[in-house]
Amino acid sequence: MTMGIEDYALIGDCHTAALVGRNGSIDWLCLPRFDSASTFAALLGDDEDGRWIVHPSDAGATATRAYADDSLVLVTTWTTGSGVVEVTDFMPVGDRRADVVRRVRGISGSVGMRQEIRIRFDYATALPWVRQVGHDDEPVLVATAGPDSVVVRGLELTATHHRHESHFTVAAGESVDLSMTWYPSHREPPAAPDVDQTLATTTKWWQDWASNCVTGEAYRTATRRSLLMLRALTHDDTAGIVAAATTSLPEGLGGERNWDYRYVWLRDASLTLAALIAHGYGEEAKAWRGWLLRAIAGDPADIQIMYGIAGERYLPERSLDQFSGYADSTPVRVGNGAYTQYQGDVFGEVLAALHDARELGVEENADSWALQRALLGFVEQHWKDADNGIWEMRGPRRHFTHSRAMIWAAFDRGVAAVEEFGLEGRVSRWRKLRDEVRAEIEEHGYDAERNSFRQHYDTDEVDASLLVLPQIGFCKADDPRMLGTVQAIEEDLRVGEDGLVLRYRTSSGFDGLTGTEHPFLACSFWLVEQYAASGRLEDAERLMDVLVGYANDVGMLSEEIDISTGAHIGNTPQALSHLTLVSAADAIEVARGRARTSMRTRVAQSDGSTRSLTGEGTKAGGTA
């Protein structure tokens, strides 16, 4: 039976990540990078597609789990009729290896355990050649297929029908260490990991990173866990921030809205950067700026909405027919055809994030400002172009109001760079174009009859992305037009008893896809932020409590929620869900009057410009 998406927890080494189920099975792992082909992929099919399970033999065993404080070290406590054991799962950080370590430790009594591993390389198309090469006192199993090899250590394994298993007993005070290490097949197997040392150093690495986090009191635990998830999705070498650790977890069970999110979207990465900046992570800002400079180096006309982890540009989309799909949802896709789309809003997101970095104090250098000027130069030439929009519509290009507002934000941040930081640029030109974009939006992107901004210039529909307009400073949160937009979104896009928010109405089919989808968590967090900023604090807190309550037992959120069951839907953990949680918590903290405003907060002025609220001081209780 397929486990729920919410039944998985993430472990990772900031190069890749694994999903560990409540039943003790690692059902998803790509080695050595997030976007590599899978080694375990039962998540997208069945056990034959690869997994590694470690759990008690007692079918009646029950489990609870949690991360060791402020870390990505997962501890699962199993209680059986004969005793209690802990299984500690982690991926060592900082050693430039690709290890998964599973320590089984007896707590009380004596517990029989079972281990089964099914290794399937290259998205379950490569059944490896497996051989036992160790000694009786140090059993070692090596599996190889094409360029990939893994070495499995810990216990002697018995082969049965292309799977390997072992049964063992752990008494109180005893430990059994199991490990798997990936390596290129043309090299010799690496040495066994020192589990005591790597467990200690990995736990400390995560806790040291979390100790630098500056948070307020509002939803502090959820905020810190979300920031840790965002760090886990950041590649340690390249600084590329993937949108999620998975591919093809469906937006609707049985439907076709299944996408590969293991790539770096400029938008999501920029927003993640903004969330990290607002909470004290300046080094991440510098590293991400370096990734950006490398990824989009060259002609700004060639800019893409997404890239590979190291800045790869070619991300062709294809279907993997060997998989039956999560809950029989096909196709299973790798690559993402949206990389060829034009989405004008990414220019605003990137330039806003880089402006946040300036406000933090990240020193501008000649290359980074030259890049921003080049981006603005491209926007100057193409600001009138229609696009595919934030939701990657696979239909005709349109003038989406959100995209137009982000073009406005691009020019606005260019003006601010010159006026507030003394950088050189075409400030008169950018100011003029900023005003022209604003005038266009107010004429074509606003429905006076309904007193609401509209999804795009050729419709009366609304879109949840309009909730971003006050966040970027296009208008104030309590602007009558924005309040009218919120009312329209409440009427058209909120669903269920708790009123979670859809991205847009799919009934028209104009997005080029069949089927429907569930409420999108990021949109609901945007509504929380809007409520908090417009004086509806009680409504903000009520909705925030609901949303935080949808996180699973280890604080993970996916892309969407099935409100009829509470089940997680879509790829997980979803960076956009976690970063908007952080921003919503910040907005509530500000509304409560306890916190310094976020780095990303800019408010509209009467002349159509914006000003930053950064540096207005920290009120009592504002940081921890």
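Computation of the quantities below employed the complete heavy-atom set of this structure, encompassing side-chain atoms and omitting hydrogens, waters and symmetry-equivalent molecules. If you read the sequence from its start, that first residue is 1, and numbering goes on from there.
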Give a yes or no on whether a salt bridge exists between [X] and [Y], defined as a side-chain N under 4.0 angstrom from a carboxylate O.
{"X": "R33", "Y": "E312", "answer": "yes"}
{"X": "R103", "Y": "D177", "answer": "yes"}
{"X": "R22", "Y": "D553", "answer": "yes"}
{"X": "D345", "Y": "R267", "answer": "yes"}
{"X": "R102", "Y": "D89", "answer": "yes"}
{"X": "R118", "Y": "E48", "answer": "yes"}
{"X": "D27", "Y": "R51", "answer": "no"}

Checking [Y] against [X]: is there a side-chain donor and acceptor pair closer than 3.5 Å?
{"X": "D463", "Y": "Q455", "result": "yes"}
{"X": "S465", "Y": "H402", "result": "no"}
{"X": "S329", "Y": "N258", "result": "no"}
{"X": "E392", "Y": "W265", "result": "yes"}
{"X": "T181", "Y": "D99", "result": "yes"}

Could you tell me whether the side chain of [Y] reaches within less than 4.5 Å of the side chain of [X], counting heavy atoms only?
{"X": "L227", "Y": "T223", "result": "yes"}
{"X": "L315", "Y": "T340", "result": "no"}
{"X": "H518", "Y": "E251", "result": "no"}
{"X": "Y342", "Y": "I303", "result": "no"}

task: Check side-chain contact (heavy atoms from CB on, under 4.5 Å) between R494 and all other residues, then give those that pass, not counting sequence neighbours.
output: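 Only E490, V501, L527, Y531, L543 meet the side-chain contact (heavy atoms from CB on, under 4.5 Å) criterion with R494.
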task: Return the orientation label for the F40 and W52 ring planes: parallel under 30°, perpendicular over 60°, tilted otherwise.
output: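 Because their plane-to-plane angle lies in the 30° to 60° range, the rings of F40 and W52 count as tilted.
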message: Please evaluate residues D460 and R454 with respect to the criterion salt bridge (Lys or Arg N to Asp or Glu O under 4.0 Å), reporting the C-alpha separation (whole Å), side-chain torsions for both, the decisive distance (0.1 Å), and the verdict.
response: CA-CA 6 Å; D460 294 329; R454 61 179 96 221; 3.1 Å; yes
Would you give me the side-chain donor-acceptor pairs under 3.5 Å for residues 566-577, sequence neighbours excluded?
{"residue": "H568", "atom": "NE2", "partner": "Y550", "partner atom": "O", "Å": "2.7"}
{"residue": "N571", "atom": "OD1", "partner": "T246", "partner atom": "OG1", "Å": "2.7"}
{"residue": "N571", "atom": "OD1", "partner": "T247", "partner atom": "N", "Å": "3.4"}
{"residue": "N571", "atom": "OD1", "partner": "S248", "partner atom": "N", "Å": "3.4"}
{"residue": "N571", "atom": "OD1", "partner": "L249", "partner atom": "N", "Å": "3.3"}
{"residue": "N571", "atom": "ND2", "partner": "W259", "partner atom": "O", "Å": "2.9"}
{"residue": "S577", "atom": "OG", "partner": "S558", "partner atom": "O", "Å": "2.7"}

message: Can you confirm if the aromatic rings of F520 and W391 lie within a centre distance of less than 6.0 Å?
response: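 Ring centroids of W391 and F520 are less than 6.0 Å from each other.
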[X] (side chain) donor-acceptor with [Y] (main chain) under 3.5 angstrom:
{"X": "N552", "Y": "V554", "result": "yes"}
{"X": "S270", "Y": "L266", "result": "yes"}
{"X": "T234", "Y": "L230", "result": "yes"}

task: List the steps, then state whether side chain to side chain contact (heavy atoms under 4.5 Å, CB included) holds for W526 with T580.
output: CA-CA 7 Å; W526 283 338; T580 50; 3.4 Å; yes
- prompt: When you look at T76 and E86, which way does the side chain to side chain contact (heavy atoms under 4.5 Å, CB included) test go after all the steps?
  reply: CA-CA 6 Å; T76 302; E86 279 184 355; over 6 Å; no
- prompt: For the atom pair CD1 (I11) and OG1 (T16), what is the distance rounded to the nearest 0.5 Å?
  reply: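 Interatomic distance, I11 CD1 to T16 OG1, rounded to 0.5 Å: 10.0 Å.
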task: Under the salt bridge (Lys or Arg N to Asp or Glu O under 4.0 Å) rule, what do D236 and R231 come out as? Steps first, then yes or no, please.
output: CA-CA 9 Å; D236 208 34; R231 182 62 184 92; 2.6 Å; yes
query: With D545, which residues qualify under salt bridge (charged side-chain N to carboxylate O under 4.0 Å, His left out), at least two apart?
result: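 By the salt bridge (charged side-chain N to carboxylate O under 4.0 Å, His left out) rule, D545 matches no residue at all.
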